[in-house]
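Atoms considered below: every heavy atom in the structure, side chains included; atoms not considered: hydrogens, waters and symmetry mates. Start at 1 and go down the list; that is how both ligands and their atoms are numbered.
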Amino acid sequence: MRDETLCLHAGYAPKNGEPRVVPIVQSTTYVYDSSADIADVFDDPTKGLIYSRFENPTVMAVEGKIAALEGGVAAMCTSSGQMASLISILNICQKGDSFISASQIYGGTTNLFAATLKKMGIECIFVDADCDEAALNAAFKPNTKAVFGETIANPALTVLNFDLFAKAAHAHGVPLIVDNTFATPVLCKPIQFGADIVIHSTSKYMDGHAVQVGGVIVDSGKFNWDNGKFPGLSEPDETYHGIIYTKTYGAAAFITKARMQIMRDFGAYPSGNSGFLLNLGIETLSIRMERYCENALKVAHYFEKCPEIGQVIYPGLESDKYYPRVKKYMEGKGSGVISIILKGGKEAARIFMDSLKLASKEVHVADIRTCVLHPASTTHRQLSDEQLVAAGVDPALVRFSVGLEHVDDIIADIEQALKQL
Ligand SMILES: *Cc1c(COP(=O)(O)O)cnc(C)c1O
């Protein structure tokens, strides 16, 4: 089935007389007839539900939907996008390991990878998203366990070179993990281009309505974990009665370990209510993405004509450096986020932003409403000047997330704000 249909139907198939809409199961626990029945479920968690710290039927319905949209074997939701990034790494890296990441990634992920994981003894080796094959290969060490990148980077708007990153990862026997938040599976299906694990901050386009923070991890089921580099997956887990994930769960080894070990221990699982809201958002994802792209392209063309603006960065523009990749991996559609760099520098960026009336000034992106943010003074304020440059963030850069208002109203708002400069 196509995306429009999957968005509405995948993950939940009511039987005779059951609710049409996926019901909200708001329950901590699941009841059984006997301790023997509970023991059975502990032995094989696919037989039933145990506890809502790591599973819930409403959330599992939306996990099935996202797995179908991404073309993966299974998915697991998390309480935030940050948690999805963290678990995707912790599931395969431990103290003494390293992994490689494109340096053009979300600022929160940079902090997590460069500072917090470092304290836990896991090293992140950053490479430029546009590095060549030799530079990427040179970053690998014997202890490297993964390669990470964002389909469309937030906020640098670089587009991942899937061919290169997947090839290098696989040549070194490690998975490619892709954060597909900005593209969504509607514009790009990273698994088709070699990604092994796909993650999202569902707080963005998937939820779409700015009602709840969340994340998801999708397992492609394609990576061979049994190559000697991943004993956590291919050797017995003593905390889980000696189970060998690759043996018992095959293609779903990664996601089962993520749920039954990491999520069990960390407990960052969404509630049934959150799962319901996320599902509601995704029902219209495909149709919303179409309009985000259409509106953003018109707004990007308008920005190009404004003398106050030095640079318009939007991967959906044919003149954009990344357009060839957008054509190759995203059917030519650039999603809804535009970065502009004002000629007047940081102060002009501030005045422009503060003068907008329709666009919300908020720490968010990919909302249904147009919203705007100045990363250098907000989301990326923790980063040093060098890190800002590495992350592709100019001090005068304003991130403009085009919403679903009528595009003429969005442009009229920009026009009046630019007049204030
Ligand atoms: C927002 C975002 C995250 C973090 O997600 P939260 O849901 O805010 O924790 C990760 N990656 C990208 C690309 C994002 O835009």
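- In this structure, the side chain of H406 engages the main chain of D408 through a donor-acceptor pair within 3.5 Å.
- For D163 and K328, the salt-bridge test passes: some basic side-chain N is under 4.0 Å from an acidic carboxylate O.
- For D409, the salt bridge (charged side-chain N to carboxylate O under 4.0 Å, His left out) criterion is met by no residue, not counting sequence neighbours.
- In terms of the salt bridge (charged side-chain N to carboxylate O under 4.0 Å, His left out) criterion, D237 has no residue partners (sequence neighbours excluded).
- Under the rule for a salt bridge (charged side-chain N to carboxylate O under 4.0 Å, His left out), E405 has no partner lying at least two apart in sequence or in another chain.
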Contact table, ligand 1 N/O with protein N/O, distance under 3.5 Å:
unit_1	atom_1	unit_2	atom_2	d
ligand 1	5 (O)	S201	OG	3.0
ligand 1	7 (O)	G81	N	2.9
ligand 1	7 (O)	S201	OG	2.8
ligand 1	7 (O)	S203	OG	2.6
ligand 1	9 (O)	G81	N	3.0
ligand 1	9 (O)	Q82	N	2.9
ligand 1	11 (N)	D179	OD2	2.6
ligand 1	15 (O)	N154	ND2	2.8
ligand 1	15 (O)	K204	NZ	2.6

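- For the pair K204 and Y106, the cation-pi criterion (under 6.0 Å, within 45° of the ring axis) is fulfilled.
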